[in-house]
Amino acid sequence: MEYSDKVLDHFSNPRNVGELTDADGIGEVGSPACGDIMKMYIKVEDGKIADVKFKTFGCGAAIATSSMATELIKGQPLEEALKLTNKAVVEALEGLPPVKIHCSVLAEQAIKSAISDYYTRLGVDPLPIVGPIKDTHCHAHFH
Amino acid sequence: MEYSDKVLDHFSNPRNVGELTDADGIGEVGSPACGDIMKMYIKVEDGKIADVKFKTFGCGAAIATSSMATELIKGQPLEEALKLTNKAVVEALEGLPPVKIHCSVLAEQAIKSAISDYYTRLGVDPLPIVGPIKDTHCHAHFH
Amino acid sequence: MSMERFVYADNAATTPVSEEVLKAMLPYFREGYGNPSSIYQKGRDAAKAIRLARDKVARGIGAQPEELYFTSGGSEADNWAIKGVVEALAKKGKKHIITTAFEHHAVLHVCQSLRKHGIETTYLEVGPLGVVKAEDVAAAIREDTALVTIMYANNEIGTIQPIAEIGKICREKGILFHTDAVQALGNLEIDVKAQNIDLLSLSGHKIHAQKGVGALYIRKGVRIPNLIEGGGQEGGHRAGTENVPAIVGLGVAVEIATKDIQARADKTRKMRDRLIDEITKLPRTRLNGDREHRLPGNVNVSFEGIEGESLLLMLDLRGVAASSGSACTSGSLDPSHVLLSIGLVHEVAHGSLRLSITHETTEEDIDHILKVLPPVVEQLRAMSPLWENIVKGENR
Amino acid sequence: MSMERFVYADNAATTPVSEEVLKAMLPYFREGYGNPSSIYQKGRDAAKAIRLARDKVARGIGAQPEELYFTSGGSEADNWAIKGVVEALAKKGKKHIITTAFEHHAVLHVCQSLRKHGIETTYLEVGPLGVVKAEDVAAAIREDTALVTIMYANNEIGTIQPIAEIGKICREKGILFHTDAVQALGNLEIDVKAQNIDLLSLSGHKIHAQKGVGALYIRKGVRIPNLIEGGGQEGGHRAGTENVPAIVGLGVAVEIATKDIQARADKTRKMRDRLIDEITKLPRTRLNGDREHRLPGNVNVSFEGIEGESLLLMLDLRGVAASSGSACTSGSLDPSHVLLSIGLVHEVAHGSLRLSITHETTEEDIDHILKVLPPVVEQLRAMSPLWENIVKGENR
Ligand SMILES: Cc1ncc(COP(=O)(O)O)c(C=O)c1O
Ligand SMILES: Cc1ncc(COP(=O)(O)O)c(C=O)c1O
């Protein structure tokens with residue numbers, strides 16, 4: 001398996017690790033049995049992601065994609081953050097090995113999940129805005 | 001395949017190569033299709049093998065066993081020459097690869113065949129003295 | 001990151017070719033390059049080199065040289081042994097294999113794919129300690145059992161199986177017994193005759209020979225069809241121009257690895273025990289597999305709340321090369337089947353670490369591992385949502 | 001015997017590892033020894049080295065890197081291709097193979113042993129020139145044909161087969177086409193796409209890489225079961241820890257061998273033609289196999305009245321290493337099945353000599369061969385009872 005320098009950089013110096021005690025939305029995806037859990041905390045101000053933190057249990061790619069994804073949405077308006085695709089995360093990381101692509105999907109879903117939670121707390125139905133959160137299965141990478 | 005130094009010596013400097021124009025007995029065994037033919041010429045004096053020569057078409061082991069076998073019987077009384085076994089030839093050559101053992105059998109039979117011829121020419125039935133000459137088949141080495 | 005020291009603690013995955021082995025191999029690349037089937041001097045020299053190597057490998061396991069066939073490694077040897085025995089015996093109605101649940105994939109996947117040819121396999125449990133019971137083997141034997149194949153020592157958790165006992169049972173019942181001894185060779189005494197082993201697989205790259213060379217021992221009298229057919233190499237049993245340098249190296253490697261096993265094992269075991277004692281002091285950390293019946297260089301521990309791959313990457317950045325589960329399967333995200341077989345739940349299995357050392361590992365290497373490992377575990381736990389939950393659960 | 005010169009003229013049997021190849025390999029024995037499946041730097045470096053080698057091999061035959069699987073040599077590749085296709089297609093009722101009578105044993109013996117599994121094989125005649133006719137292939141295709149397997153160039157007599165034509169026929173009829181290109185690689189242009197080749201075997205040691213490494217090309221879309229099952233190496237298609245140094249060497253060797261093929265072939269062909277012209281001036285001496293459709297470095301001649309092995313030994317004593325028939329079968333005393341297939345009678349087949357040269361052979365080497373060969377032939381004929389009869393027959 002080959003990781004790009006970018007992946008290794010984000011893995012060894014992950015950005016935005018931690019929690020936000022005053023988060024406006026928290027999302028968690030993955031499962032311990034699958035070996036990947038991502039938890040994202042967002043702080044929203046003026047419709048923008050003012051701050052974001054993550055905690056991840058998972059492989060090197062899971063940590064790197066969490067780090068990169070949070071970097072990519074930090075300071076972005078919510079609608080922009082929602083447009084972040086796993087493909088964009090992969091590209092920003094200069095590629096991921098095929099078996100690790102599912103980590104980028106997980107990162108995309110974690111963000112959506114956190115934004116969903118933000119709308120839910122506001123009393124707004126997130127479904128029309130965020131769409132369904134995909135239930136990423138362990139073998140997502142085989143597809 | 002490994003040949004002993006003795007085999008290589010007798011192959012590269014074969015003893016007693018040639019024919020005897022005044023031979024008292026000539027024996028030939030083997031077949032071209034099998035890849036081995038040995039022809040032995042003997043000169044008998046006072047019941048002894050006074051001289052012996054061979055011509056051989058065959059592999060390195062065939063040439064080496066012909067050479068060694070002729071050396072072993074040269075000067076010997078006929079009854080001693082008839083006692084020469086293929087095993088004795090193999091031992092004198094310090095061993096032969098398993099697939100080449102049949103060459104030593106061929107050499108033994110070539111001598112018997114020449115002595116047979118000698119008795120036949122004398123008008124003596126060789127069978128009770130020499131025994132039957134084995135028809136060595138191509139696949140003798142598989143036995 | 002500046003690296004004070006690099007400790008290679010993944011010798012169960014592979015080993016560097018040793019100086020002695022490489023030195024023995026080198027003449028066969030550009031000078032002794034003859035084809036061993038060739039009749040001229042260069043060919044005969046190559047054939048002789050193979051013969052001497054075969055003698056050495058045979059001596060290392062108590063076999064006769066004619067009982068050893070060189071292969072391209074442990075996987076080929078395992079495939080050949082199992083498929084060969086099954087093909088030879090299935091036509092006599094013997095269509096059952098006994099193995100364990102935690103064999104190497106080169107055994108397990110073969111058994112699994114033989115199912116579509118009507119071959120049934122019993123996968124024996126190895127229990128929480130990872131050691132199969134000889135009496136379970138005896139109990140599983142059926143009228144139609146063709147083969148028992150049980151590894152000598154497990155590659156992930158290092159547990160040693162009761163090979164001599166199993167061999168005795170099989171011999172008594174007239175059933176062929178194969179053992180994958182890839183991890184045992186050089187670590188444990190092997191005597192195929194005394195242990196009643198009919199077929200045994202070994203691999204070079206675990207004992208400082210080249211990758212891509214190994215051997216299958218097939219007891220005289222046991223006849224199985226070829227896996228790779230063609231030329232008359234290996235007495236007509238394994239076709240393909242012989243990898244002369246690698247085979248020569250394997251001979252030297254086996255000779256070295258099977259000398260002074262006891263002394264080397266004692267030295268290694270002491271370092272291993274220090275690692276186990278220190279590492280298992282960390283909270284929620286456990287040793288996997290039996291501590292006593294264990295390869296002298298194997299440490300396998302699970303850390304709750306963290307995932308193995310990121311642990312390995314972090315350790316690597318700090319100068320420790322180790323493994324999580326078997327290297328052969330690390331392309332996969334499934335947790336190790338070995339750890340599941342001894343009863344670990346998925347998330348704990350994911351957080352496992354295998355350190356595999358040798359007698360050449362030094363106390364300073366152990367110091368280094370023990371220095372860098374605990375903070376890495378702590379750092380990863382600090383960023384783990386799973387650990388957060390575990391700690392919350394504790395405090396609740 | 002003092003030896004003025006040593007000429008290695010058996011490059012079709014095997015070749016020395018070249019300096020460039022060995023240089024590329026060396027770092028992977030004692031430094032870059034990581035297991036390519038391992039996640040740490042040393043493992044990733046090994047994985048990268050394999051990826052780059054795969055790219056090189058793929059480029060050399062016009063394939064995609066994902067279509068190449070490293071094996072332990074040409075024999076394994078042949079076995080895998082044929083057994084794999086047959087296993088995949090037999091269950092669909094396709095139980096027929098088309099091949100030639102003069103394939104390498106790694107193909108022939110597989111076809112022969114598949115017979116007991118109900119697979120029928122048509123062995124096409126190659127005629128006195130040793131070239132199969134594409135129309136004969138077309139005519140042999142049946143409803144139930146699973147595979148056509150025909151070698152690119154013959155290893156003994158060097159004759160080149162009409163691969164592109166056969167590929168076209170097979171593609172049109174929807175039948176899988178495998179070619180053993182072990183002897184062609186580096187001598188002839190290979191383009192698996194243009195030539196409609198579905199599977200292709202190659203081997204390293206014929207092109208100055210290590211013995212014991214090769215590859216099988218499997219066109220994307222063709223699915224065959226594994227021959228060696230186990231770990232997830234080679235995309236899950238060929239288990240076993242990768243022989244990293246040998247694979248790296250194979251990459252370099254293919255890169256070098258497939259560069260400037262034309263110029264090298266022209267140079268080699270000139271030397272070959274000089275050998276053929278001079279040697280066939282000897283009495284009762286014939287060239288075996290077509291002169292035009294012939295590998296640039298192959299000379300195969302028969303001398304009536306002498307036997308090949310003793311000829312080789314004599315030549316070796318005078319500094320020429322050559323072969324009689326295929327090195328792979330020289331342990332056997334049966335005459336070459338290749339020479340019989342082009343109609344030679346047994347005793348003439350026994351007296352054959354193969355000289356296989358490369359562009360690195362020199363004119364001085366050719367001089368040397370031409371100096372020592374005729375007296376050796378004469379010497380052996382002088383001690384041959386068969387030659388005596390031939391001469392007598394002539395004078396009668
Ligand atoms: C045409 C041909 N096919 C297959 C092989 C077998 O290759 P390997 O020796 O790498 O198994 C050879 C040479 O030995 C060959 O010449
Ligand atoms: C127990 C066991 N069996 C078989 C193998 C496979 O050996 P190889 O990599 O030589 O094919 C390995 C290691 O990879 C192993 O640890």
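Each chain gets a letter, A, B and so on, in the order the sequences are listed, and its residues count up from 1.
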Asker: Angle class for the C:H337/C:H105 ring planes (parallel below 30°, perpendicular above 60°, tilted otherwise)?
Answerer: parallel

Asker: Name the option with the most non-hydrogen atom pairs under 4.5 Å to chain D; the candidates are C:G240, C:G73, C:S203, C:A321.
Answerer: C:A321

Asker: Tell me which of these, D:H208, D:E31, D:Q112, D:E87, has more heavy-atom pairs under 4.5 Å with chain C than the rest.
Answerer: D:E87

Asker: If you count heavy-atom pairs within less than 4.5 Å of chain C, which of D:G212, D:A322, D:P16, D:S75 leads?
Answerer: D:P16

Asker: I'd like to verify something: which residue of C:G74, C:S113, C:G236, C:G214 has the highest number of heavy-atom pairs under 4.5 Å with chain D?
Answerer: C:S113

Asker: Would you mind checking which part of D:Q210 comes under 4.5 Å of any heavy atom in chain C, side chain (CB onward), backbone (N, CA, C, O), both or neither?
Answerer: side chain

Asker: Does NZ or CZ of C:K42 lie under 6.0 Å from the centre of the six-membered ring of D:Y8, at an angle within 45° of the ring axis?
Answerer: no

Asker: Between C:K83, C:H109, C:E229, C:M25, which has the largest tally of heavy atom pairs under 4.5 Å with chain D?
Answerer: C:E229

Asker: Could you tell me which of D:L313, D:V244, D:L227 has the largest number of non-hydrogen atom pairs under 4.5 Å with chain C?
Answerer: D:L227

Asker: With a 4.5 angstrom heavy-atom cut-off, which part of D:L22 approaches chain C: side chain, backbone, both or neither?
Answerer: side chain

Asker: Who among C:V17, C:T14, C:L26, C:T71 has the most heavy-atom pairs with chain D under 4.5 Å?
Answerer: C:V17

Asker: Please identify, among C:E76, C:E19, C:R238, the residue contributing the most non-hydrogen atom pairs under 4.5 Å to chain D.
Answerer: C:E19

Asker: Distance check, rounded to the nearest 0.5 Å: C:L185 atom CG versus C:L202 atom CG?
Answerer: 5.5 Å

Asker: Looking at C:L312, C:I247, C:I228, which makes the most heavy-atom pairs under 4.5 Å with chain D?
Answerer: C:I228

Asker: Can you tell which part of D:K91 gets under 4.5 Å to a heavy atom of chain C, answering side chain, backbone, both or neither?
Answerer: neither

Asker: Taking the side chain as everything from C-beta on, heavy atoms only, tell me whether D:M314 gets closer than 4.5 Å to D:L380.
Answerer: yes

Asker: Under 6.0 Å from the CZ atom of D:R51, do we count more than 12 heavy atoms belonging to anything else shown?
Answerer: yes

Asker: How about D:I369 and D:L355: do any of their side-chain heavy atoms sit closer than 4.5 Å?
Answerer: yes

Asker: Under 4.5 Å heavy-atom distance to chain C, tell me which part of D:N243 shows up: side chain, backbone, both or neither.
Answerer: both

Asker: Rounded to the nearest 0.5 Å, how far apart are CG of D:D316 and CG of D:L311?
Answerer: 11.0 Å

Asker: Please tell me whether C:S201 and C:D78 have a donor and an acceptor in their side chains that are separated by less than 3.5 angstrom.
Answerer: yes

Asker: Out of the candidates C:K211, C:K206, C:H205, only one should pair with D:T241 under the side-chain hydrogen bond (donor to acceptor under 3.5 Å, both in side chains) rule; please name it.
Answerer: C:H205

